[in-house]
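See structure below.
Remember, predicted model here, so these are calculated numbers, not experimental data. The analysis underlying the following values was restricted to heavy atoms, covering all of them including side chains, and did not include hydrogens, waters or symmetry mates. Every chain is numbered from 1 and lettered A, B, ... according to where its sequence line falls, protein lines coming before strand lines.
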Amino acid sequence: MNSSLLSTLNEGQRQSVLTTEGPLLIIAGAGSGKTKMITHRIAYLLESGVQEKEILALTFTNKAGNEMSERIRSLTGKPLKDLLTTTFHSFALRILKKHIHHLGFHHNFTIYDGQDCTAVFKEVLREKEYDIASFDIRALLAVHSEIKTSRIKSHPLYTPDIASLFETYEQHMKLYNALDFDDLIINTLKLFEEFPHVLEQVRSRFTHIMVDEFQDTSAMQYRLIHHLAQEHRNICIVGDDDQSIYSWRGANYQNIVQFETDFPERKEIFLDRNYRSSNTILSAANQLIVNNSDRKEKTLWTDSDNGETIITLESEDGEDEARTIIEQMRSVSFREQLGWSSFGILVRTNHLLPTLENAFMLEQIPVSVTGGQSFFERKEVKDLIAYMRVFVNLNDDIALLRIINTPRRKIGLATLSAVRHIKDALHISYWEAIAHILEHKEDYPSSRIKALQQFYDLIEEYQSLFFQGGRRKSKVLHSLLERIEYRSFLLCEYPGNENGALWRYSSMETFLKLFSRWENDPENYENNIYEYLQRLMLQMREQQDKEKGEERVSLMTMHSAKGLEFDTVFLAGVEDHIIPHRRTIEENEKALEEERRLFYVAITRAKKRLYISYAKQRKVGSDYMTTSPSRFLEEISADLFSFPTEEEQMSTDEHLERLSSLAAFLESKEA
DNA sequence: GCATGATTGATTTTT
DNA sequence: TCAATCATGC
């Protein structure tokens, strides 16, 4: 590395880069130049003679991993084909593909996402003749996840009855040759702990390990890297306990404490200088986060000017909020000559996204939405993926259930329950049960046989075409779509909305284009269709590459904004019961602290301007609910705020008072 | 009896 | 916006 590159780093960053041997703990506050430090550190490792393939850099999302290797590539000017920057789950996938046969799975396993797992559990309930509606399936799956990853030992919801249901659930998963996200980590750990030669093989390859976003790793993920690093001890973890926002998913920032115990000889570096935000924004963030009790004490500082005050926007309801934000954004964009990509809008929950997105579309402002429903989660795209999944694994019951009557082919509830009956009795998959029925035609009405036979033949025919298709599988899928007349099916499904149906069809075509691009990329010639599907399942929710060239406003959840920054940030829906979310208010102080960290993350995304917006009422289902501004706003001193009208300077208290008197007035008017 | 169409209800955050 | 439940038509 030439010295001019090193000289762009501050002292903490430089120490982080130069400390290449032995354990290293870096606490990197928001906006402290963390990514720059990490990329420089890896470039420096390479320059010091460490081989590409000996470095393992674990990131939080696949996208972050790709960006990181891209940046290191441009820093070093090398292709870096063997440098592994990846997520824990993708890393686990690589190991399982090679070694999972030790655990009784086939290497072509299917990965199930949350939706698939819900469907599996519903199948179990159905099989055992429970009333599905009386179960809170999401909650039960969450508890089961906590149990099986040893985060808890017991739970009031996890009665012996429920536990036995989940035993059946796991049996089904095995029958389907399917793994959920937890299984990826659990099974890799199992391999490491029960098959020493597997661990040895992986351990000897990676001599230098880095973990980014360490505050959001789970205890099991930590064990994974602990196994890899405990011998050579060249492990560098980078995190910020104040930005831990995934504890509900098993993230455990106590891992930092565990690391300190496991690696007592570690060096520690604090990056506490913030380069991102104005002094005003940083002060607000600092004032907010000191209210958390459970944290490493630290205060970020900056050389920046105060800059502009934080502006609060008050609207009547969600739609009015969208209009207000657009109005403000237009005026800032015009005044400061900023392109649309300088703006980010962050919300707490996914369902706040569509209202905003629609308003932007109406105003013809280009917007790119992350989170919420991703492209790959669109119903019709999932249908097409389900066909692929069935071709690849006929025992994938969940995918088969999805397409068995899509498009409609007269296999309804009654026919399905006949199949189910056979399946449950013989402990086989749906596909095998259908085959069984077709071998005993005489026991069933001919109409039923006809529908099932047509489906069976269709799948068999296209499955063999699919595998004969070589690298032209996308063509086979295209002809499948024509054969099953998916287009006219969509037109029937959305009567009177021809454009909507065609739009949906076009997203299938887009998917096919993406898939065909993958097939024809020489880089993937070694990868087979199984790997494509496995990777796809891990990347479903991630933002696909935006078309270059066009400036877009970014619209996303606060969670997916982690690691990003914008010149101007709008926080929308900053109301009590949204942030902090009502579920967390009911829970406990710890949950509330996580909400506060989330709000902290949101605030610290802003460089120059921060707008905080709330509405007086919000639509819940079909009617409106009166709301009040987030309690977190009271933790930030009023002199950092101003209001767009600026007719009068109000403190937050006065503002709240005015709000409630207005609400009372409106109520009396309605009465 | 069975598939399909219409209505209703409810939604934290994601690898 | 999506899925589960209830009503309708073949």
Side-chain angles (χ1 to χ4, degrees), chain A residues 58-65 86-93 111-115 117-119 122 131-133 136-139 142 145 149 179-185 213 216-218 220-221 244-251 346-355 357-358 370-374 377-379 382 402 405 407-418 445 447-448 451 492-495 500 535 537-543 556-562 573 577-587 591 594-595 597-599 601-602 619-623:
Chain A
L58 292 163
T59 56
F60 191 69
T61 62
N62 291 293
K63 188 167 164 259
T86 182
T87 62
F88 274 97
H89 289 89
S90 299
F91 178 61
L93 175 61
I111 298 175
Y112 274 19
D113 66 11
Q115 254 186 43
C117 295
T118 310
K122 280 183 190 166
D131 172 30
I132 295 179
D136 184 348
I137 296 175
R138 287 177 68 113
S145 164
T149 57
L179 303 186
D180 63 24
F181 289 123
D182 286 332
D183 292 331
L184 293 175
I185 306 295
E213 308 284 5
D216 287 320
T217 55
S218 68
M220 285 202 140
Q221 290 170 335
S244 167
I245 53 176
Y246 283 93
S247 73
W248 49 274
R249 208 179 77 187
L346 313 182
V347 295
R348 172 64 178 87
T349 58
N350 279 308
H351 71 266
L352 293 174
L353 294 171
T355 318
E357 186 186 7
N358 289 339
T370 320
Q373 207 196 22
S374 86
E377 286 178 314
R378 286 182 199 162
K379 209 180 148 312
K382 284 201 93 168
R402 193 179 176 94
N405 203 28
R408 302 191 189 282
R409 45 174 75 93
K410 297 196 185 299
I411 301 177
L413 233 57
T415 307
L416 205 56
S417 76
S447 63
R448 219 179 252 177
C492 294
E493 287 289 286
Y494 302 93
R535 295 228 85 89
M537 292 308 285
L538 291 181
Q539 296 182 14
M540 286 268 251
R541 289 191 69 94
E542 284 188 31
Q543 195 183 19
M556 63 185 78
T557 62
M558 294 174 178
H559 280 88
S560 41
K562 184 164 86 155
H577 302 286
I578 295 182
I579 173 109
H581 194 270
R582 63 162 47 73
R583 295 281 281 263
T584 62
I585 298 174
E586 290 158 8
E587 272 173 44
E594 177 146 316
E595 292 290 294
R597 288 193 293 271
L598 182 58
F599 197 50
V601 167
K619 217 174 190 169
V620 180
S622 52
D623 44 22

So what does I185(A) touch, heavy atoms closer than 4.0 Å: a base, only the sugar-phosphate, or nothing?
-> nothing
Touch class at under 4.0 angstrom, heavy-atom based, for D182(A) against every strand present = nothing
E213(A) CD to dT14(B) P: how many Å, rounded?
-> 15 Å
Would you mind reading off the distance between Q115(A) atom CD and dT1(C) atom P, rounded to a whole angstrom?
-> 16 Å
Just say parallel, tilted or perpendicular for the rings of W248(A) and H559(A), cut-offs at 30° and 60°.
-> perpendicular
Distance in angstrom units between K619(A) NZ and dA10(B) P, rounded = 17 Å
Residue whose closest nucleotide on DNA chain B lies nearer the 5' end, I411(A) versus H581(A) = I411(A)
Could you state the CZ-P distance from F60(A) to dT14(B), rounded to the nearest angstrom?
-> 9 Å
With a non-hydrogen cut-off below 4.0 angstrom, is R448(A) in contact with a base, only sugar-phosphate, or nothing?
-> sugar-phosphate
How long is the line joining CG of L538(A) and P of dT15(B), in whole Å?
-> 10 Å
Is there a stack between W248(A) and dT13(B), judged by ring centres under 5.5 Å and planes under 30°?
-> yes
Take atom CE of M537(A) and atom P of dT14(B), then tell me their distance rounded to the nearest Å.
-> 16 Å
Complementary nucleotide of dT11(B), counting Watson-Crick and G-U pairs under 3.5 Å = none
Which whole-number value in Å describes the distance from K122(A) NZ to dA4(C) P?
-> 3 Å
Under 3.5 Å, is there a donor-acceptor pair between the side chain of T118(A) and the main chain of G114(A)?
-> yes
Looking at S90(A), does any N or O in its side chain come under 4.0 Å of the phosphate oxygens OP1/OP2 on dT15(B)?
-> no
Give one of base, sugar-phosphate or nothing for F88(A), where a contact means two heavy atoms less than 4.0 Å apart.
-> nothing
Nearest-nucleotide 5' precedence on DNA chain B, R138(A) against P445(A) = P445(A)
Using a cut-off of less than 4.0 Å, is there contact between a side-chain N or O of N350(A) and OP1 or OP2 of dT1(C)?
-> no
Give R408(A) one of three labels, base, sugar-phosphate or nothing, depending on what nucleic acid heavy atoms sit under 4.0 Å from its own.
-> sugar-phosphate
For the residue pair T149(A) and D182(A), confirm or rule out a side-chain donor-acceptor distance under 3.5 Å.
-> no
Figure out the NE2/P separation between H89(A) and dT14(B), and round it to whole Å.
-> 14 Å
When all nucleic acid strands are considered with a 4.0 Å heavy-atom cut-off, which category describes D113(A): base, sugar-phosphate, or nothing?
-> nothing
